[in-house]
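Data block below; observations after.
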Amino acid sequence: QVQLVESGGGSVQAGGSLRLSCAASGYAYSNYYMAWFRQAPGKEREGVAVINSDGSTVYADSVKGRFTISKDNAKNTLYLQMNTLNPEDTAIYYCAADPRGRRWLVVPPVIYFGYWGQGTQVTVSS
């Protein structure tokens, strides 16, 4: 059974940093593509960054240069390093995974992910 568990969310002032983690279990982790999404109140869930099984990465324009997605295959853990945070980054952040063997050149929409974590809240105050 695939399980994704996020951690690392919290409250931070604008300009600060946070690192989110997503512990994965129950599948061949290294063969999956994985991503971070976020959902602000009243808005649709949007893709933030994706990391392909070969380690290549793609970012949404809104976070490019500020966020870094990475994974540690030995620890079965996905990370999102978030720097220079601003209030517009406030949202629930979700990690997602899928085994379908695609290699993404853009951040894919939610329909391309079969497995999701429960989310972790990130709040950025001005």
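Keep in mind the model is a prediction, meaning the values are calculated, not measured. Just so you know, these numbers use all the heavy atoms, side chains as well, and skip hydrogens, waters and symmetry mates. Here, residue 1 is the first one in the sequence, and each next residue gets the next number.
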Does [Y] offer a backbone N or O that forms a donor-acceptor pair with the side chain of [X] under 3.5 Å?
X: Glu44; Y: Gln39; value: no
X: Thr77; Y: Lys75; value: yes
X: Arg102; Y: Asp98; value: no

For the [atom1] atom of [X] and the [atom2] atom of [Y], what is their distance to the nearest 0.5 Å?
X: Asn31; Y: Arg100; atom1: CG; atom2: CZ; value: 15.0 Å
X: Ser53; Y: Met34; atom1: OG; atom2: CE; value: 12.0 Å
X: Ser11; Y: Leu85; atom1: OG; atom2: CG; value: 11.5 Å
X: Asp89; Y: Ser62; atom1: CG; atom2: OG; value: 7.5 Å
X: Thr120; Y: Leu80; atom1: OG1; atom2: CG; value: 11.0 Å

>> Could you walk me through whether Tyr33 and Phe113 satisfy the ring-ring contact (aromatic ring centres under 6.0 Å, His included) test, starting with their C-alpha distance in whole Å, then the side-chain angles of each, then the deciding distance to 0.1 Å, before giving a yes or no?
In response: CA-CA 9 Å; Tyr33 58 86; Phe113 292 87; 5.3 Å; yes

Report all side-chain donor-acceptor pairs from residues 12-22 shorter than 3.5 Å, counting only partners two or more places apart or in another chain.
from	atom 1	to	atom 2	distance (Å)
Ser17	OG	Asn83	OD1	2.9

Side-chain heavy atoms of [X] within contact of [Y], under 4.5 Å:
X: Val50; Y: Arg103; answer: no
X: Thr68; Y: Tyr59; answer: yes
X: Trp116; Y: Val2; answer: no
X: Tyr79; Y: Asp72; answer: yes
X: Arg66; Y: Asn86; answer: yes
X: Cys95; Y: Leu78; answer: yes

> Does the cation-pi check pass for Arg45 over Tyr94, that is, NZ or CZ under 6.0 Å from the six-membered ring centre and within 45° of its axis?
Replying inline: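 The answer is yes; both the distance and angle limits are met.
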
For [X] versus [Y], what's the shortest heavy-atom pair and its separation?
X: Gln121; Y: Thr90; answer: NE2-CG2, 4.1 Å
X: Tyr115; Y: Leu4; answer: O-CD1, 3.6 Å
X: Ala60; Y: Val107; answer: N-CG2, 3.7 Å
X: Ala91; Y: Arg38; answer: CB-CB, 3.8 Å
X: Tyr32; Y: Lys71; answer: O-NZ, 4.0 Å
X: Pro108; Y: Phe37; answer: O-CZ, 3.4 Å

> Under 6.0 Å between the ring centres of Phe67 and Trp36?
Replying inline: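 That pair fails the under 6.0 Å test.
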
>> Starting from Ile111, can I reach Trp104 by hopping between I/L/V/M/F/W/Y residues whose side chains sit under 4.5 Å apart?
In response: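 Linked, Trp104 and Ile111 end up in one cluster.
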
>> Suppose we screen for ring pair (Phe, Tyr, Trp, His ring centres under 6.0 Å). Which residues come up paired with Tyr93, at least two apart in sequence or across chains?
In response: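 Counting only residues at least two positions away or on another chain, Tyr93 forms no ring pair (Phe, Tyr, Trp, His ring centres under 6.0 Å).
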
